[in-house]
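The block underneath contains the structure these notes are about, expressed in structure tokens.
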Amino acid sequence: MLGMHFTGEVPFRRVFFNALVRDASGKKMSKSKGNVMDPLDLIDSYGADALRFTLTAMSGQGRDIKLSTQRIEGYRNFGTKLWNASRFCQVNGCVRVEGFDPASAKGAVNRWIIGETARTSAAVTEAISGCSFDEAANLLYRFIWNTYCDWYVELSKPVLNGADLDAQAESRATAAWVLDVIFKLLHPVMPFLTEELWDQTADLGAARTEPLLISARWPDLSALAPDPAAAAEVGLVIATIAEGRSVRSELNVPLGARPPLLVVEADAAQSAVLAAYAPVIGQMLRVSEVRVEASAPTGAIPFVVQGATLALPVAEFIDLAAEKARLAKEIAGLAATAEQTRRKLDNPDFVARAPEEVVEENRERLSEAEAARERLQAALARLS
């Protein structure tokens, strides 16, 4: 009313209502219950940005926010992850290059991350414009933690440590360019961390025309089209490493074990990609080599990635009979948990009388048990 009185204009034409913030168990915060979480205490413990990101990531419309210190701590670790990635870039000379054109990148890994950056930028922009702040935060989380930190940084290490100076220069410029875009996209959600990193990288490489991140221009990467060939090449490498890690984890293969990765059946293009990326696959998947075999030997666990059949010979590192027994026991336990939880949820009286947070907790327990059982059943099928 004051805005209309003094200016004659409506001050806000779009208003966003966030959901109710409850405690970790879903109960409404109350001083009499003693379950109030003081934002100032949380900021002292975890930082303002971690709290902001938590509330943003959980702000989906029509869903109450169950605020827990564990989740806030997790997003503080996310900030630490970005800080460490920025430090990695500094140590490895990844600085801004005057006139760098991301569209001119030649390396497949660089073309892939540039395409992913453009795609994420467009998706985040659309989500924020539509007030889907939780979607924007989760897009940023996945891109920064998984795509950039976990995959791009690791896949670029062989190039940064290699002898090809032109490839090194391109990777350094690309890493710095993507990092600058990340700072801009993440700034509305984590302003203090990103402004600090923006300032710390201000004197690295080419001079910035935007001294403060808060006044920097929002990125428009619509001119950068994703590269399908690069995405397919890098996607095969990532899928191979990720699926191989799942096999190792599900079967309790020791971390120190280094079996070879066998390419049992793959087309010429897939075989060439796996051979070219053998050093980084060996390092990230902890395998001794990548080699082609006509068939998988006894004791090798096969898995399929994008139509290619690969295998890890792990029989010498684990007790196959004991692993089968362990998996069968865990599957039976998960099946019992799922059945017990399903009976509760199928009971109309339970759903009607139990508190909403208890019903939701049981639904989550059922979903987790079924997902874990399916994963272990796949592992047992591999062993068989």
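What you see is a predicted model; the values in this text were computed from it and never measured. In this chain, numbering begins with 1 at the start of the sequence shown.
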Exercise. Is there a donor-acceptor pair closer than 3.5 Å between any side-chain N or O of S156 and the backbone N or O of Y152?
Worked result: yes
Exercise. Just by distance, do the side chain of Q270 and the backbone of D267 share a donor-acceptor pair under 3.5 Å?
Worked result: yes
For this session: Could you tell me whether F192 atom CZ has more than 12 heavy atoms of other residues or ligands within 6.0 Å of it?
Result: no
Problem set entry | Backbone N/O of L310 and side chain of E265: donor-acceptor pair under 3.5 Å | no
Exercise. Same hydrophobic cluster for L51 and L186, using side-chain heavy-atom links shorter than 4.5 Å among ILVMFWY?
Worked result: no
Problem set entry | Hphob cluster co-occupancy, F100 + L221, side-chain heavy atoms under 4.5 angstrom | yes
For this session: Answer whether the closest heavy-atom distance between the side chains of W151 and M284 falls below 4.5 Å.
Result: yes
Problem set entry | Axial cation check for W198 ring with R208, 6.0 Å and 45° limits | yes
Exercise. Taking atom types as modelled and ignoring hydrogens, do the side chains of Y141 and N146 form a donor-acceptor contact shorter than 3.5 angstrom?
Worked result: no
Problem set entry | Same apolar cluster: V304 and V314, side chain cutoff 4.5 Å | no
Exercise. Can any side-chain N or O of D23 pair as donor or acceptor with the backbone N or O of M37 at less than 3.5 Å?
Worked result: no
Seminar exercise, completed: Closest heavy-atom pair, V287 versus L312, reported as atoms and distance to 0.1 Å, is CG1-CD2, 3.8 Å
Problem set entry | Spacing of CG belonging to L334 relative to NZ belonging to K329, to within rounding of 0.5 Å | 12.5 Å
Exercise. Is the backbone N or O of I182 less than 3.5 Å from a side-chain atom of D180, with the two atoms forming a donor-acceptor pair by type?
Worked result: no
Exercise. In the single-linkage hydrophobic clustering (I, L, V, M, F, W, Y; side-chain heavy atoms under 4.5 Å), do L261 and V280 co-cluster?
Worked result: yes
Problem set entry | Single-linkage hydrophobic cluster, 4.5 Å side-chain cutoff, V153 and Y277 together | yes
Problem set entry | SB check E293 R291 (cutoff 4.0 Å) | yes
Exercise. Has R342 got more than 12 heavy atoms of other residues, nucleotides or ligands less than 6.0 Å from its CZ?
Worked result: yes
Exercise. Are R245 and R286 close enough, and set up right, to give a side chain to side chain contact (heavy atoms under 4.5 Å, CB included), and what steps lead you there?
Worked result: CA-CA 9 Å; R245 284 175 171 173; R286 295 179 177 270; over 6 Å; no
For this session: To the nearest 0.5 angstrom, please state how far the CD atom of E368 sits from the CZ atom of R363.
Result: 14.5 Å
For this session: Could you tell me whether a side-chain N or O of N92 sits under 3.5 Å from a main-chain N or O of C94, the two making a donor and an acceptor?
Result: no
Exercise. Does R76 offer a backbone N or O that forms a donor-acceptor pair with the side chain of T80 under 3.5 Å?
Worked result: yes
Problem set entry | Closest heavy-atom pair and its distance - M58, D134 | N-CB, 4.5 Å
For this session: Take atom CG of L212 as the centre, draw a 6.0 Å sphere, and report whether it contains more than 12 heavy atoms from other residues, nucleotides or ligands.
Result: yes
For this session: Mind checking the CD-CD1 spacing from E250 to I301? Nearest 0.5 Å is all I need.
Result: 10.5 Å
Seminar exercise, completed: When rounded to the nearest 0.5 Å, the distance separating CZ of F16 from OG of S59 is 4.5 Å
Problem set entry | Considering all heavy atoms, the nearest W112-A231 contact | CD1-CA, 3.9 Å
Problem set entry | Verdict with reasoning, L185 to W218, per side chain to side chain contact (heavy atoms under 4.5 Å, CB included) | CA-CA 7 Å; L185 294 176; W218 187 256; 3.5 Å; yes
Problem set entry | Flag side-chain contact, heavy atom, 4.5 Å: C131 against R14 | yes
Exercise. Would you say E170's side chain and G107's backbone share a donor-acceptor pair under 3.5 angstrom?
Worked result: yes
Exercise. If you count the non-hydrogen atoms of other residues, nucleotides and ligands that lie under 6.0 Å from CD in Q306, is the total more than 12?
Worked result: yes
For this session: Count the heavy atoms of every other residue, nucleotide or ligand shown that sit under 6.0 Å from CD of E195, and state whether that count exceeds 12.
Result: yes
Exercise. Do Y75 and Y46 have ring centroids that are under 6.0 Å from one another?
Worked result: no
Exercise. Quick one: does P297's side chain get under 4.5 Å of L262's, heavy atoms only?
Worked result: yes
Problem set entry | Polar contact flag, side-chain donor to acceptor under 3.5 angstrom, Y148-E116 | no
For this session: Assess whether atom CZ of R71 is packed by more than 12 heavy atoms of other residues, nucleotides or ligands within 6.0 Å.
Result: no
Exercise. Counting only N and O atoms by type, is there a donor-acceptor contact under 3.5 Å from the side chain of R96 to the main-chain atoms of A202?
Worked result: yes
Exercise. Side-chain contact, heavy-atom cut-off 4.5 Å: L42 with D38?
Worked result: no
Problem set entry | For the student: nearest non-hydrogen atoms of T56 and F133, plus distance | CG2-O, 3.5 Å
Seminar exercise, completed: When every non-hydrogen atom of L345 is compared with those of L366, the smallest separation belongs to CD1-CD2, 3.9 Å
Exercise. Is there a donor in the side chain of N362 and an acceptor in the side chain of R365, or the other way round, less than 3.5 Å apart?
Worked result: yes
Problem set entry | D150 bridged to K81 by N-O distance under 4.0 Å | yes
For this session: Check the pair K184 / E210 against salt bridge (Lys or Arg N to Asp or Glu O under 4.0 Å), numbers first and verdict last.
Result: CA-CA 11 Å; K184 292 178 180 180; E210 303 160 320; 3.5 Å; yes
Problem set entry | Nearest-0.5 Å distance that lies between atom CE in M190 and atom CD in E196 | 13.0 Å
For this session: For residues W83 and L193, determine if any side-chain heavy atom of one lies less than 4.5 Å from a side-chain heavy atom of the other.
Result: yes
For this session: Applying side chain to side chain contact (heavy atoms under 4.5 Å, CB included), run through F143 and V178 and close with a yes or a no.
Result: CA-CA 11 Å; F143 175 72; V178 176; 4.1 Å; yes
For this session: Determine whether I214 and P191 make a side-chain contact, defined as any pair of heavy atoms from C-beta on separated by less than 4.5 Å.
Result: no
Seminar exercise, completed: Across all chains, not counting sequence neighbours, the side-chain hydrogen bond (donor to acceptor under 3.5 Å, both in side chains) partners of S30 are S32
Seminar exercise, completed: The reported gap from SG in C89 to CG in N84 (rounded to nearest 0.5 angstrom) is 11.0 Å
Seminar exercise, completed: Scanning both residues in full, the closest heavy-atom pair of Q200 with Q90 reads O-NE2, 3.8 Å
Exercise. Would you say the side chain of R248 lies within less than 4.5 Å of the side chain of P259, judging by non-hydrogen atoms?
Worked result: yes
Problem set entry | Chi angles and distances behind the side chain to side chain contact (heavy atoms under 4.5 Å, CB included) call for E9, M4 | CA-CA 5 Å; E9 298 179 359; M4 295 178 67; over 6 Å; no
For this session: Check whether any side-chain heavy atom of K27 sits under 4.5 Å from a side-chain heavy atom of R22, and report yes or no.
Result: no
For this session: Would you tell me whether R373 and T337 have side-chain atoms, one donor and one acceptor, within less than 3.5 Å of each other?
Result: no
